[in-house]
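See below for the structure under consideration.
All values below come from the heavy atoms of this structure, side chains included, with hydrogens, waters and symmetry mates left out. The chains referred to below are lettered A, B, ... by the order of the sequence lines, with proteins before strands, and numbering in each begins at 1.
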Amino acid sequence: MFGNPSRVLSRTRSAVDELVNDADFNDDLRIPSSGDDSSTSGSFTGQRATKNTEIDNMLTEPMAKSKSHTYNNTFISCSPEVDVSCSRLDSKKTITPGNSRNGKEHDSSVEHFEKLADQGNAKAALGLLYTTIHGSASWKDLDFRETSLTHHNLTLRACKRHRPPYHIEARRVLLQMRECGPSPNLQTYHEVIAALARAHEWRIAERTFAELKRDFPNHNPTIELHTSLISAYGKGGQWERAKSTFDALAKENVTMDTGIYNALLSAAVGAARYHEASIVFEQMPKKGIIRNVTTYNAILTSLGRQRRIFDMELVHKNMRKSYVEPNETTLSLLITAHGNAGDCYRAVEHLEEACKARWLKKSAVIFNSALGACVKSGESKLARDVLSMMHAEGVIPTLVTYNTMLMSASARHDWNQVVNIYLELLQHGLTPDAITFDCICGIDKLQSATDAPGRALSATGSVPNAKTSCIRHNDYKSAETRNVHDKKSQLSVGNSLVTDLGTLPELLRSTLNELDMLATESASPQKLTSTTCHVYDALLRALHLSGQAAEVETVFKAMVSKRVCRTVHTYNSLIASYEVRRQWKQAGQAMISMQEEGIAPDALTFDALINVCEEMGQWDRATAWLEHAQEQGHLRCEDELGVLDLHRIRSAGTAQTVLRWWLRRMRSRALAPLDVRAAGQGTRIILESATRGATVSRKSNNVRTCSASLSEADIPLQIRDLPDQIQVVTGWGKHSTVFGYSPVKERVLALLGGLNSPFIVPEYNIGCVVAERGEVRAWLVRDELLSLVRFLGGNRAALRRNFNPMGVDT
DNA sequence: CTAGGGTTAG
């Protein structure tokens with residue numbers, strides 16, 4: 001269905017025709033990027049510890065002093081005006097009930113909100129909510145207030161149904177309601193907690209739950225509310241919290257249902273506690289709880305992660321015996337599992353079975369699963385069959401479908417086909433994502449598996465200390481690499497890999513030429529620009545990966561002069577090319593330019609920039625960019641107090657910056673008890689009230705979790721005590737290009753070792769380092785005093801070396 | 001209310 005490779009040009013033409021004819025092309029509704037919602041999301045770890053009152057404000061203030069410009073038309077950014085209306089209503093004299101609005105009007109507005117809530121149209125609902133509030137002068141009208149509450153709750157439901165980042169808005173609406181009315185009820189809280197759960201924001205969900213208990217002390221939250229809380233914990237990987245919430249409820253003799261068991265089950269699966277997952281699954285029938293499709297899907301996910309394909313088939317049979325009908329998810333799970341096990345034929349059998357079942361709703365997902373299975377096994381013929389089945393069922397290919405196809409073509413080094421598929425993707429109005437560019441240039445896992453041992457040798461040969469593993473010159477033309485050139489498609493260069501992409505760059509260049517010619521002929525050339533832009537992005541990525549860093553900059557400049565629009569991918573390639581060339585100044589300048597253009601940087605952008613700054617000895621700059629990134633919700637590695645997770649950090653330099661940032665904060669925390677005693681007042685009040693709250697709740701309810709969640713939520717993160725064990729998660733290095741070697745892990749071990757830290761690699765998990773709280777505190781405080789002595793002694797170099805014993809400029 | 005898979009990378 002993707003046509004044949006020789007028709008690149010004609011395909012381009014047809015793509016162009018479609019663009020010109022279709023006015024709606026690429027005019028998709030773009031959701032505001034999650035990069036802007038930082039001020040209220042996450043664990044606030046990015047915020048500097050200043051005054052405690054400020055910290056508290058960050059958590060409770062309804063109006064974020066945010067620079068959020070993406071929400072321009074929504075309720076929230078208009079909230080200052082709402083505020084005005086609130087204060088106005090206070091000074092207003094009572095309006096006689098009934099004379100302001102009639103019932104009919106209320107009903108129709110509620111209907112409108114209901115519709116938006118069902119559609120999950122959060123933006124429209126928020127806008128409507130704002131106009132409704134703003135237009136009303138009848139806040140003392142009881143009837144209206146009641147309706148307004150309904151409006152608010154329905155808006156929150158819209159936020160919940162919509163994908164994140166609208167959970168931020170939900171939380172803000174709640175805070176707004178508390179301040180200006182209408183007063184939130186149980187349902188309000190439920191909607192907000194559910195929205196936060198969906199967004200994996202367990203910490204804010206927990207806090208909201210605590211607030212609910214505070215606001216409704218005589219009301220026991222429903223089982224559904226607890227289910228939402230457990231779900232939030234589960235999605236945040238907080239198994240222990242999920243479990244104790246569940247156990248606490250069980251102790252109170254509350255009747256449990258399938259829903260809460262399912263939430264608990266998926267919390268176990270999400271936290272990779274597979275043993276606990278099977279215990280929960282086994283317990284359900286014993287406790288008289290009925291298993292449904294969701295239950296089975298959860299346990300299948302668990303088995304799938306454990307690569308237990310045989311057990312999965314068994315569970316599948318059992319569920320049929322129990323008359324639980326599988327759904328699309330069930331079959332997708334099975335198909336993917338067979339794909340991972342290398343049995344794409346069995347995968348396709350399941351797909352055929354699904355197609356036979358007429359009643360079963362089939363989306364692109366199930367076909368994508370089967371397609372992925374075929375591509376993993378290198379069965380392109382079978383992959384084509386899957387595509388025909390998809391077509392026959394009338395299912396439209398998605399971006400994932402195209403990404404998978406691209407993977408398959410690039411694995412075969414069929415660059416013509418790669419360009420073909422890419423153009424078709426663009427022709428269908430899809431916007432490529434970061435994965436697309438990886439798939440375009442992606443190197444086949446099958447082949448790399450065969451020459452991995454050779455690469456591993458060349459990479460581990462370089463000693464991973466700061467001096468040798470910092471970015472080197474691009475010496476990929478060296479004799480050593482040329483000799484092995486025909487054997488490998490990927491070559492190790494310093495610590496970056498150069499990929500042989502064959503004719504791909506040239507093909508992309510000639511495609512650009514064709515597009516350029518078409519643009520001059522076309523009546524409306526601007527419609528071509530998005531296609532042109534994406535092809536440029538692909539070219540930049542290909543150039544970067546094939547080691548042509550200088551060419552990346554040249555092509556980027558061409559884009560600017562030709563006024564081709566840029567994307568985050570454009571700048572990611574550009575900054576990555578500066579990273580390779582060790583040009584931290586240019587990288588920083590590129591970051592500034594993209595922000596001026598209104599393009600939100602992502603984690604990859606920040607990682608590349610921070611890495612090059614750190615490795616070039618620009619530590620203050622690296623730290624400043626890190627804090628900048630964290631303000632925007634990226635590179636937040638401390639999701640739990642005392643646990644630093646470097647899992648998702650790509651480069652060693654960035655890991656070093658994060659580690660230093662974390663140790664500095666830890667050090668000020670280690671010194672915190674002194675501060676609390678000295679600076680008293682505000683801090684002391686917070687602490688005292690939190691402790692009181694904890695004791696009260698402990699008395700009224702001897703369940704440990706509730707008191708824990710209350711007191712923890714009420715003490716700002718910055719002055720809470722550290723846990724018994726401090727941990728840095730370094731990851732296993734499993735997914736590193738070279739098996740068993742992780743630059744991040746090596747760097748962390750070298751740094752902590754060089755600093756004489758008490759951290760050690762425990763036997764039970766080689767993917768982390770741990771130390772006792774007391775030892776860490778002693779180490780950090782001792783270090784603090786030593787630095788002070790050195791500082792007073794005028795030893796500037798020593799002070800600067802603090803936490804960076806092996807940095808490049810020592 | 002609860003489940004939500006699949007593609008890349010790490």
Side-chain angles (χ1 to χ4, degrees), chain A residues 157 160 163 187 190-191 193-194 197-198 221-232 234-235 256-267 269-270 289-302 304-305 326-337 339-340 347 351 354 361-373 375-376 386 397-408 410-411 432-443 445 541 602-604 607 645-651 654-655 730-737 742-745:
Chain A
R157 209 166 94 202
K160 177 187 70 189
R163 297 266 159 205
Q187 166 138 32
H190 196 168
E191 300 288 5
I193 291 169
R198 279 194 74 163
T222 59
I223 187 162
E224 286 89 351
L225 245 161
H226 279 99
T227 304
S228 285
L229 181 65
I230 291 173
S231 168
K235 281 172 181 148
M256 299 302 210
D257 64 357
T258 304
I260 200 159
Y261 265 92
N262 284 348
L264 185 68
L265 179 56
S266 36
V269 178
I289 308 289
I290 292 166
R291 291 166 174 166
N292 64 11
V293 208
T294 304
T295 318
Y296 281 103
N297 288 347
I299 201 70
L300 283 171
T301 307
S302 171
R305 300 232 174 111
N327 62 14
E328 194 192 357
T329 305
T330 318
L331 287 159
S332 281
L333 284 165
L334 283 165
I335 291 169
T336 310
N340 289 335
L351 180 67
K361 274 188 185 168
K362 285 170 286 285
S363 75
V365 173
I366 193 165
F367 294 98
N368 290 340
S369 305
L371 192 64
V375 168
K376 268 180 203 149
V386 171
T398 61
L399 184 63
V400 175
T401 318
Y402 284 104
N403 285 349
T404 313
M405 295 293 297
L406 285 166
M407 232 178 92
S408 165
S410 65
D433 60 5
I435 298 169
T436 311
F437 296 109
D438 283 331
C439 292
I440 286 174
C441 306
I443 283 307
K445 292 269 173 188
R541 178 93 180 143
D602 62 14
L604 208 67
D607 188 295
D645 188 351
L646 300 172
H647 221 144
R648 288 159 182 268
I649 301 294
R650 187 193 59 115
S651 57
T654 306
T730 54
W732 293 72
K734 254 186 200 169
H735 305 288
S736 171
T737 326
S742 154
V744 169
K745 186 181 172 180

Exercise. Rounded to the nearest angstrom, tell me the gap between atom OH in A:Y296 and atom P in B:dT2.
Key: 21 Å

Quiz item: With sugar-phosphate meaning primed atoms plus P, OP1 and OP2, does A:T227 contact a base, only sugar-phosphate, or nothing at under 4.0 Å between heavy atoms?
Solution: sugar-phosphate

Quiz item: Taking CZ from A:F437 and C1' from B:dG10, how many angstroms apart are they, rounded to a whole number?
Solution: 19 Å

Quiz item: Taking everything shown except A:R650 itself, do over 12 heavy atoms lie less than 6.0 Å from its CZ?
Solution: yes

Exercise. May I ask you to decide if A:L371's main-chain N or O and A:N368's side chain share a donor-acceptor pair within less than 3.5 Å?
Key: no

Quiz item: For A:S369, what residues pass the side-chain contact (heavy atoms from CB on, under 4.5 Å) criterion, not counting sequence neighbours?
Solution: A:S332, A:I335, A:T336, A:V365

Quiz prompt | Contact under 4.0 Å: A:S231 side-chain N or O vs B:dA3 OP1/OP2 | solution = yes

Quiz item: Between A:L334 (CG) and B:dG4 (P), how many Å, whole number?
Solution: 16 Å

Quiz prompt | Between B:dT2 (C1') and A:N297 (CG): distance, integer Å | solution = 12 Å

Quiz item: Can you tell which of B:dG4, B:dC1, B:dT7 lies closest to the side chain of A:N403?
Solution: B:dT7

Quiz item: Can you tell me how far P of B:dG5 sits from CG of A:N340, to the nearest Å?
Solution: 14 Å

Practice problem: Go through B:dC1, B:dG10, B:dT8 for me and flag the one nearest to the A:M407 side chain. | Solution: B:dT8

Practice problem: Give one of base, sugar-phosphate or nothing for A:T398, where a contact means two heavy atoms less than 4.0 Å apart. | Solution: base

Quiz item: Base, sugar-phosphate, or nothing: which does A:I649 touch, judged by heavy atoms less than 4.0 Å apart?
Solution: sugar-phosphate

Exercise. Would you check, one step at a time, whether the test side-chain hydrogen bond (donor to acceptor under 3.5 Å, both in side chains) holds for A:S228 with A:S231?
Key: CA-CA 5 Å; A:S228 285; A:S231 168; over 6 Å; no

Self-check item: Sugar-phosphate only, base, or nothing, as touched by A:S369 at under 4.0 Å among non-hydrogen atoms
Solution: sugar-phosphate

Quiz prompt | Contacts of type side-chain contact (heavy atoms from CB on, under 4.5 Å), residue A:I435, not counting sequence neighbours | solution = A:N403, A:D433, A:C439

Quiz prompt | Nucleotide nearest A:T294 when distance is taken to its side chain, options B:dG5, B:dA3, B:dT2 | solution = B:dA3

Exercise. Let me know the distance between CZ of A:R291 and P of B:dT2, rounded to the nearest Å.
Key: 21 Å

Quiz item: Out of B:dA3, B:dA9, B:dC1, which nucleotide sits closest to the side chain of A:S228?
Solution: B:dC1

Quiz item: Roughly, in whole Å, what's the span from CG in A:L333 to C1' in B:dG5?
Solution: 5 Å

Quiz item: Rounded to the Å, how far apart are A:H190 NE2 and B:dT2 C1'?
Solution: 9 Å

